Amino acid sequence: MNNGFIKVAAATPKIKVGDCGHNASEICRLMDEVYKKGVQFVVFPELCITGYTCSDLFWQSSMLDMAKSKLKAILEHSQGKELISVVGLPFLVEGKLYNVAAVIYNGKIKGMVPKSYIPNYSEFYEARHFSSGKAMENRYVSLDDGEEPFLFGTNIVFQCGKIKNFNFAIEICEDLWVPNPPSTSHALAGATIIANLSASDETTGKDIYRRNLVAGQSARTVSAYIYADAGEGESSTDLVFAAHNIIAENGNILSQAERFQNQTIYADIDLDRLAAERQRMSTFQPVRGMEYREIDIELEPISLEFTRKIDKAPFVPKDIAERDKRCEEILAIQTMGLKKRLEHTNCKNAVVGISGGLDSTLALLVTVRAFDLLGLDHKGILAVTMPGFGTTDRTYSNAVSMIQTLGCDFKEVNIAEAVKLHLKQIGHDINKQDITYENAQARQRTYLLMDFANEYNGMVIGTGDMSELALGWATYNGDHMSMYGVNAGVPKTLVRHLVKYFADTCHSKELADVLNDVLDTPVSPELLPPTDGKISQKTEDLVGPYELHDFFLYYILRFGYAPEKILFLSEQSFKGQYDRKTIVKWLKIFYQRFFAQQFKRSCLPDGPKVGSVAVSPRGDLRMPSDACVKEWMNRLE
């Protein structure tokens with residue numbers, strides 16, 4: 001099972017200009033090399049059988065005959081392999097020479113695609129030798145008279161029906177550099193992978209432009225883009241070629257060759273991801289009735305040697321500089337959202353419940369930033385600590401220190417007696433520490449915050465994060481409710497980095513020390529009494545590791561992956577950290593809670609979306625509260 005992935009490669013043989021025999025041998029050698037690594041689709045450079053820099057040798061009939069002869073040798077070598085190879089050569093049709101890509105599978109040419117745009121400027125003078133295939137209507141040709149014909153033309157999509165969502169099309173070098181590349185139409189006609197056979201000479205800075213061009217076109221077409229570039233071996237009379245091979249997927253560079261190395265690069269393309277992204281985008285409109293021909297290739301799926309790196313924290317960039325940039329951007333989005341709400345309501349006061357935990361800390365920091373932008377005194381922020389049965393000295397001390405350091409108005413209300421009275425009123429035994437015991441505390445705190453908001457003419461700022469909302473880990477009409485939830489779009493794994501970023505950049509040692517201690521404190525609702533003065537109730541012991549749940553959340557909501565694919569990706573990403581049994585256990589918990597707790601998300605307070613995934617009922621997640629989880633659980637079983 002390939003789990004929706006296919007392994008691809010871009011390979012640059014070290015050629016000899018005009019030596020078709022040598023070049024074909026190198027191509028065959030690389031075909032064997034990539035096939036042994038599980039590749040099923042490999043792309044070679046433009047005119048690689050002859051060499052791109054043959055110049056007027058393209059007018060020599062012996063050169064063209066030799067290219068055709070060696071193409072046949074490559075065909076013979078391809079027999080018995082579940083591998084599609086795309087190879088470049090010059091090819092005569094009706095007395096005109098074309099720069100073409102031959103699609104080879106199991107001893108046959110499945111089709112041939114000519115280059116559409118022939119550059120004839122600066123160092124390029126291809127029009128001296130080649131005709132444009134753009135005006136050529138798709139027609140059948142053959143290598144020699146009497147041999148099996150194949151389709152020749154530009155508007156072809158090759159379909160590999162036995163591997164779901166694997167459809168590919170081809171453009172050649174300059175085709176990508178024009179204002180409206182053929183690959184745009186190819187993608188709208190159904191191609192999920194675009195192959196580009198190229199011979200792009202190297203000049204200073206061109207590699208950056210090339211990389212951006214490939215990444216941008218893969219994003220625009222929501223496709224995987226395989227760019228195979230000519231390299232060492234081409235003539236250096238006037239130009240140098242660097243074999244700058246690139247594989248991109250929907251705007252992301254998956255693999256890139258070191259220039260001047262003739263390096264073969266590999267990538268596992270996530271075909272499901274591309275299909276899901278296209279399905280989700282209402283503006284990606286396939287064009288029906290386009291004059292495209294479809295060619296079926298009966299490529300059999302083979303066992304995938306999976307090498308793609310799956311990031312265990314999809315919401316958090318690995319690169320520190322990029323992570324800091326992301327943190328600043330998210331804090332700005334949260335801050336501007338709250339600023340707008342305060343401005344619109346002409347509200348100059350805010351009420352925040354502070355527990356000494358991560359979420360309430362982030363909410364207070366965002367509120368302070370919003371007040372700074374509005375030029376409001378921090379004393380307008382009423383920060384309320386509400387110690388209860390489970391509050392520890394550590395979290396209480398951190399909460400008080402943070403409030404005082406930030407210069408907010410401080411209020412402390414111990415909820416223990418009020419909760420005891422309430423439990424007595426409903427006939428609940430105070431020694432029975434069940435969900436009623438816990439939720440009574442959460443609702444008492446929200447009750448107090450709302451009343452303080454009325455008393456101070458302020459707005460209650462919500463603290464719950466997106467991971468808690470996904471799991472329903474919030475007391476309905478307790479910490480679930482607020483007047484604006486600044487953390488509603490932030491997953492738990494990212495909350496930690498936002499607080500850390502603030503600690504590193506706040507220029508206050510006192511505040512930084514408090515924030516770093518908050519970061520070191522276990523995540524807990526602190527609703528059960530402490531043990532020996534320490535937190536006795538750890539959230540991740542109850543609902544599971546947030547790093548797993550955030551991983552599940554990302555792939556379930558962002559791409560709609562099936563349970564078995566999420567399990568596969570989890571095993572790849574958390575190999576050596578969690579075994580299969582543990583992952584399955586928490587994945588089941590996630591699905592059960594995610595479906596059962598939708599009613600809490602259906603009435604969420606307003607809050608800003610900050611990333612590509614959100615659970616707001618007014619935005620990304622329109623889900624019935626009574627949907628059944630049975631089929632998802634059955635697939636996991």
Side-chain angles (χ1 to χ4, degrees), residues 8 10 41 43-47 52 84 86-91 93 96-103 110-121 124 126-127 130-139 141 150-160 166-200 209-210 212-230 246-251 269 274 278 284-295 297:
V8 303
F41 187 62
V43 184
F44 291 93
E46 180 179 15
L47 296 170
Y52 175 78
I84 297 171
V86 187
V87 179
L89 73 155
F91 192 73
V93 176
K96 289 295 181 181
L97 188 61
Y98 295 91
N99 178 344
V100 307
V103 177
K110 304 303 293 185
M112 202 174 268
V113 178
K115 189 171 184 175
S116 293
Y117 293 91
I118 308 300
N120 219 50
Y121 60 88
F124 305 107
E126 286 183 38
F130 296 103
S131 296
S132 168
K134 191 177 179 182
M136 281 278 288
E137 294 181 4
N138 289 344
R139 65 192 68 188
V141 300
F150 50 83
L151 196 61
F152 182 96
T154 54
N155 290 358
I156 301 174
V157 173
F158 298 86
Q159 299 183 327
C160 305
F166 180 26
N167 307 312
F168 69 91
I170 296 166
E171 58 187 11
I172 300 176
C173 200
E174 184 73 11
D175 293 348
L176 170 63
W177 302 68
V178 300
N180 185 21
S183 50
T184 303
S185 297
H186 296 341
L188 295 175
T192 51
I193 294 181
I194 305 297
N196 186 312
L197 296 76
S198 181
S200 178
Y209 187 89
R210 187 188 298 115
N212 291 340
L213 196 63
V214 170
Q217 188 63 1
S218 75
R220 189 174 296 107
T221 56
V222 192
S223 68
Y225 202 102
I226 307 171
Y227 187 92
D229 191 22
I246 306 168
I247 301 176
E249 179 187 281
N250 194 21
I269 301 298
L274 296 171
R278 289 181 175 187
F284 188 94
Q285 292 288 343
V287 180
R288 307 301 178 192
M290 293 176 67
E291 293 187 2
Y292 266 79
R293 300 288 294 274
E294 296 171 350
I295 296 177
I297 301 180

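This is a predicted model, so every value here is computed, not measured.
Considering every non-hydrogen atom in both Lys96 and Ser131, the closest pair reads CD-OG, 3.6 Å. Taking each heavy atom of His186 and Val157 in turn, the nearest pair found is O-CG2, 4.3 Å. Ala169 approaches Ile156 most closely through the heavy-atom pair CB-O, 3.6 Å. Listed here is the closest heavy atom pair of Glu291 and Asn155: O-CB, 3.3 Å. Shortest non-hydrogen contact noted between Met136 and Ser132 is CG-O, 4.4 Å. When all heavy atoms of Leu97 and Pro90 are compared, the pair lying nearest together is CD1-CB, 3.9 Å.
No side-chain N or O of Glu126 forms a donor-acceptor pair with one of Tyr117 less than 3.5 Å apart. Neither side chain, Glu174 nor Ser200, offers a donor N or O lying under 3.5 Å from an acceptor on the other.
Side-chain atoms of Pro114 and Val100, non-hydrogen and from C-beta on, do get closer than 4.5 Å to each other. Asn196 places none of its side-chain heavy atoms less than 4.5 Å from the side chain of Glu46. Side-chain contact check for Met112 versus Tyr98: every heavy-atom pair is 4.5 Å or farther apart. Contact check for Glu294 versus Asn167: no side-chain heavy atoms found under the 4.5 Å cut-off. Leu274 places a side-chain heavy atom less than 4.5 Å from the side chain of Ile269. You'll find the side chain of Gln217 stays beyond 4.5 Å of the side chain of Ser223, heavy atoms only.
Counting only distance, with no hydrogens or angles, the side chain of Asp175 and the backbone of Ile172 share a donor-acceptor pair below 3.5 Å.
Partners of Phe284 under the ring-ring contact (aromatic ring centres under 6.0 Å, His included) rule, at least two apart in sequence or in another chain, do not exist in this structure. Partners of Phe166 by ring-ring contact (aromatic ring centres under 6.0 Å, His included), not counting sequence neighbours, listed by chain and number: Phe41, Phe168.
Between the CD1 atom of Ile193 and the OG1 atom of Thr221 there is a distance of 11.0 Å, given to the nearest 0.5 Å. Residue Ser218 holds its OG atom at 10.0 Å from CD1 of Ile194, rounded to the nearest 0.5 Å. To the nearest 0.5 Å, atom CG of residue Asn99 and atom CG of residue Leu197 are 8.5 Å apart. From Tyr225, atom OH reaches atom CG of Leu213 across 7.5 Å, with rounding to the nearest 0.5 Å. Expressed to the nearest 0.5 Å, how far CG of Leu47 lies from SG of Cys173 amounts to 9.5 Å. Taken to the nearest 0.5 Å, the CD1 atom of Ile118 stands 12.0 Å off from the CZ atom of Phe124.
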Check the pair Val103, Ile295 against side-chain contact (heavy atoms from CB on, under 4.5 Å), reporting the backbone distance first and the verdict last. CA-CA 11 Å; Val103 177; Ile295 296 177; over 6 Å; no
Evaluate Phe91 against Val141 for side-chain contact (heavy atoms from CB on, under 4.5 Å), listing each step before the verdict. CA-CA 11 Å; Phe91 192 73; Val141 300; 4.2 Å; yes
Which is it for Thr154 and Lys134 under the side-chain contact (heavy atoms from CB on, under 4.5 Å) test, yes or no, and what are the steps along the way? CA-CA 7 Å; Thr154 54; Lys134 191 177 179 182; 5.6 Å; no
Before you tell me yes or no, could you show the steps for Val86 and Phe158 under side-chain contact (heavy atoms from CB on, under 4.5 Å), namely the whole-Å CA-CA distance, both residues' side-chain angles and the distance that decides it to 0.1 Å? CA-CA 12 Å; Val86 187; Phe158 298 86; over 6 Å; no
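The residue from Ser185, Ser183, Ser198 that alone fulfils the side chain to side chain donor-acceptor pair (under 3.5 Å) condition with Glu171 is Ser183.
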